[in-house]
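Comments concern the structure below.
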Amino acid sequence: MTQRPAARGARLERPILLLLLAAFAALGIARLGPACLIEPDTPDYLFTARSLATFRGYVEIDHPAEPLHAFRPPGLPLLLAPLSAVRPYDVVRAKSLVLALSAVLLALTYVLAARTAGHWAGLATLALVATSPYTLLHGTEVVSEIPYLAAMLGVVVLVTGRHEPPGRGRLVSVGLLLALLPLVRTVGLALLAALACWTLFDRPRRRRWWIPIGAGLLVNALWMARNAATGLPTYLSAMRRDLLELGVAGYAAKAGDALLYYAERIGGVLLPGVFSGQPLYERLLLDEARDLGGAYGAGGIVVLGA
């Protein structure tokens, strides 16, 4: 008798999971269109994807001289290159690829939350993330946030999933993701460094993780060496320039201001509508942001409380 409610709950979890993913996909498909709201990011990704697809290298083919490109990492263009080979500059299909990666991100969000706090907590977390305007916005534009988050959660899920030493499949998968992460967004180097520290200072059974970590470090070292040889500006070189111009104290103050800016708005990102102020995504909307009167946030609080 005591197992029947649990069994009934287990039968409900998968349909609810699929329903949430299908609802997000439907909203995303409804939002797909040829307009690019985030510029110059989207055009840059489409142009460089085409340059890779036509084997011209990572160059700016929208310029007559086709100079080398270094400022934006090539991760997303690499993902878009197969599509660009057959449908160049197709914004809708490029957005569809990002939307598919959004579904992967949501599934990984559920897996990680369910593993930590149980299946119903996983579904509640999935519902909050899937219904966030930020997820829908970045999941239907050709930008790198969603691919980066999907790869990052993929690494976390694979590395923390089992206690026994990793097999060849997990090592290869994590190696590919670690090589891709900083190529999608430079901040991915932080996770690569964190995993290296986790492997270095913890139990000996984690030593096999040095194989994918080494692969990730090698790929990104080659990318940075290529950029250094060209002398072109990158995110890291811009940070180094700021450090030299502002000094340690000035750079720390600038970083602190940026941290404070996002810290003041993190509540509105997690629970849109419950806090006062304009949402960060409002500048990308065609119409004014609707005042939800805290309804969404109140619902989120109820779900979290449950």
According to a hydrophobic-cluster definition based on side-chain heavy atoms being under 4.5 Å apart (Ile, Leu, Val, Met, Phe, Trp, Tyr only), do Tyr235 and Leu243 belong together? no
All heavy atoms of Arg170 vs all of Leu158, minimum pair found to be NH2-O, 2.5 Å
Mind checking the CG-CH2 spacing from Leu171 to Trp209? Nearest 0.5 Å is all I need. 5.5 Å
Is Arg208 reaching over with its side chain to a backbone N or O of Pro166, donor-acceptor style, under 3.5 angstrom? yes
Look at the side chain of Thr186 and the backbone N and O of Pro182, then say whether any donor-acceptor pair between them is shorter than 3.5 Å. no
Name the orientation class of the two ring planes belonging to Tyr58 and Trp223 (parallel below 30°, tilted from 30 to 60°, perpendicular beyond 60°). perpendicular
Between Ser51 and Thr48, is there a donor-acceptor pair closer than 3.5 Å when you use the side chain of the first and the backbone of the second? yes
Residues in ring-ring contact (aromatic ring centres under 6.0 Å, His included) with Phe24, at least two apart? none
Which side-chain N or O atoms in residues 188-195 pair as donor and acceptor under 3.5 Å with protein atoms at least two apart or in another chain?
none

By the salt bridge (charged side-chain N to carboxylate O under 4.0 Å, His left out) test, which pairs, at least two apart or in different chains, include something from residues 178-191? Glu145-Arg185
Please report the closest heavy-atom contact between Lys95 and Leu32, naming both atoms and the distance. CB-CD2, 3.6 Å
Is it true that Arg240 and Glu245 make a salt bridge, defined as a side-chain N closer than 4.0 Å to a carboxylate O? no
